[in-house]
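Just below is one structure, and these are the notes that go with it.
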Amino acid sequence: MTNLLKLEWLKIRRYRAFMWLLGFFVVSMFGICYIVWVARGGMSAAAGPAADMLIGNVFDFPSVWQTVSYLTSYLLFIPGLIIILLTANEYSFRTHRQSVINGLSRGQFMLGKIWLIVVGSLLVTVLVFIVGCIFGFRGRHAFSMEELENLGYFFIQSLTYMSAGLVLVMIFRRSGVSIGIYFLYCFILKNMLAALMNFRLHGGSGNYLPVKSADKLIQAPSAVGRAMDIHLSDTGIMLAVSLVWIVVFLWFSMRRFKTSDL
């Protein structure tokens, strides 16, 4: 595992797009949380106790874990985009072929990508923990580990988005097409199909779609946000469905690379 990760790091450490996207993700994560934190303070000052009842102290411990995880989940398309670009570069510069010629098996090559996804998901989850601590310690409550399971759900969400990016680039091999389909599905088709299925079939069946199931793992942190979601789903079921989709994505990516021409 360590050798495979070292090999992946050697490939990406001088890749400027990777550094820029990673930096953009970190800045955006702080930015979106800060904007909501300021807006929450302004509403509390204007509406007083009414705001506290409707929104709650979402940036105090332990609610901050859910709040930061929920807000940052809107940015998880960025890690998925990074995986697409990194893997597409392998095809563009034929480094995937050279890796196999140099002694890596196809399975080992793909394991490197899978470990990269796991480590990347751990990294962004740690960042969420750090941001949660920064905002939580500014609140009125003492540090608490309650509701920390939301970070685990966020980790699964990150795995889902990055695995989805991997399977797309394994199918199309080109960054432009893969990115276009990735954005089209994540931002438009996913929500349209889910809404249509929920309307036609009832029972929240649209929530079982790829990636959509992971989106449902973390609920909106305020009472208003939860009230707007008319298809709240059982977290345990969504977790199981998300894990199934992750396994399917990674299995298909592995099989695709093993059976296709280099």
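Remember, it's a predicted structure, so these values are computed and weren't measured experimentally.
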Using every non-hydrogen atom in the two residues, find where [X] and [Y] come nearest and quote the distance to one decimal.
X: Gly132; Y: Val68; result: CA-CG2, 3.9 Å
X: Pro79; Y: Met162; result: CB-CG, 3.7 Å
X: Ser178; Y: Ile84; result: CB-CG2, 3.8 Å
X: Ser99; Y: Lys11; result: OG-NZ, 3.9 Å
X: Val211; Y: Ala164; result: CG2-CB, 4.1 Å
X: Cys133; Y: Phe143; result: SG-CE1, 4.2 Å

- Task: Could you walk me through whether Ile114 and Met254 pass side-chain contact (heavy atoms from CB on, under 4.5 Å), step by step?
- Result: CA-CA 9 Å; Ile114 293 172; Met254 177 76 78; 4.0 Å; yes

- Please walk me through it: do Val131 and Thr72 pass side-chain contact (heavy atoms from CB on, under 4.5 Å)? CA-CA 10 Å; Val131 173; Thr72 309; 5.9 Å; no

Do the non-hydrogen side-chain atoms of [X] and [Y] ever get within less than 4.5 Å of each other?
X: Tyr185; Y: Pro210; answer: yes
X: Ile179; Y: Leu85; answer: yes
X: Pro221; Y: Ser63; answer: no
X: Phe30; Y: Ile134; answer: yes
X: Lys113; Y: Ser253; answer: no
X: Leu10; Y: Lys6; answer: no
X: Asn89; Y: Thr95; answer: no

Keeping the roles fixed (side chain from [X], backbone from [Y]), state whether a donor-acceptor pair exists under 3.5 Å.
X: Thr67; Y: Val58; result: yes
X: Asn150; Y: Ser69; result: no
X: Trp115; Y: Glu8; result: no
X: Tyr153; Y: Lys216; result: no
X: Ser205; Y: Leu201; result: no
X: Gln157; Y: Ala214; result: yes
X: Gln108; Y: Ser105; result: yes
X: Ser158; Y: Phe154; result: no

Distance from [X] atom [atom1] to [Y] atom [atom2], nearest 0.5 Å?
X: Trp245; Y: Ser163; atom1: CH2; atom2: OG; value: 12.5 Å
X: Ser213; Y: Ile246; atom1: OG; atom2: CD1; value: 8.0 Å
X: Phe155; Y: Leu217; atom1: CZ; atom2: CG; value: 12.5 Å
X: Ile156; Y: Thr125; atom1: CD1; atom2: OG1; value: 9.0 Å
X: Phe249; Y: Ile117; atom1: CZ; atom2: CD1; value: 11.0 Å
X: Leu250; Y: Leu111; atom1: CG; atom2: CG; value: 10.0 Å

- Item | Phe24 atom CZ, neighbour heavy-atom count above 12 within 6.0 Å |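 No.
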
- Message: Check this for me: Met19, atom CE, are more than 12 non-hydrogen atoms of other residues, nucleotides or ligands nearer than 6.0 Å?
- Response: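 Buried by this count: over 12 neighbours within 6.0 Å.
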
- Out of Thr160, Asn207, Asn191, which residue meets the side-chain hydrogen bond (donor to acceptor under 3.5 Å, both in side chains) rule with Lys212?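 Looking at Thr160, Asn207, Asn191, the match for Lys212 under the side-chain hydrogen bond (donor to acceptor under 3.5 Å, both in side chains) is Asn191.
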
When clusters are formed by joining ILVMFWY residues with side-chain heavy atoms under 4.5 Å apart, either directly or through shared neighbours, do [X] and [Y] land in the same one?
X: Ile78; Y: Trp20; answer: no
X: Trp251; Y: Ile171; answer: yes
X: Ile130; Y: Val64; answer: yes
X: Leu86; Y: Trp9; answer: yes
X: Leu4; Y: Val119; answer: yes

Using 30° and 60° as the class boundaries, would you call the ring planes of [X] and [Y] parallel, tilted or perpendicular?
X: Phe187; Y: Phe77; result: perpendicular
X: His96; Y: Tyr91; result: tilted
X: Tyr74; Y: Tyr70; result: perpendicular

- Is there a side-chain contact (heavy atoms from CB on, under 4.5 Å) between Tyr208 and Met238 once you walk through the steps? CA-CA 7 Å; Tyr208 300 106; Met238 291 298 103; 3.2 Å; yes

- Is the distance between the ring centroids of Phe129 and Trp65 under 6.0 Å?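 Phe129 vs Trp65: aromatic centres under 6.0 Å.
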
- Task: In plain terms, say whether Glu90 and Arg97 are close enough for a salt bridge, that is, a side-chain N and a carboxylate O under 4.0 Å apart.
- Result: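 No, Glu90 and Arg97 are not salt-bridged.
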
- Is any NZ, NE, NH1 or NH2 atom of the basic residue among Arg138 and Asp60 found under 4.0 Å from an Asp or Glu carboxylate oxygen of the other?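 Salt bridge absent between Arg138 and Asp60.
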
- Determine, stepwise, if the pair Tyr34 / Val38 fulfils side-chain contact (heavy atoms from CB on, under 4.5 Å). CA-CA 6 Å; Tyr34 180 75; Val38 170; 3.6 Å; yes

- Task: If a pair satisfies salt bridge (charged side-chain N to carboxylate O under 4.0 Å, His left out) and one of its residues is in residues 161-189, list it, with sequence neighbours excluded.
- Result: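 Matches after skipping sequence neighbours: none remain.
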
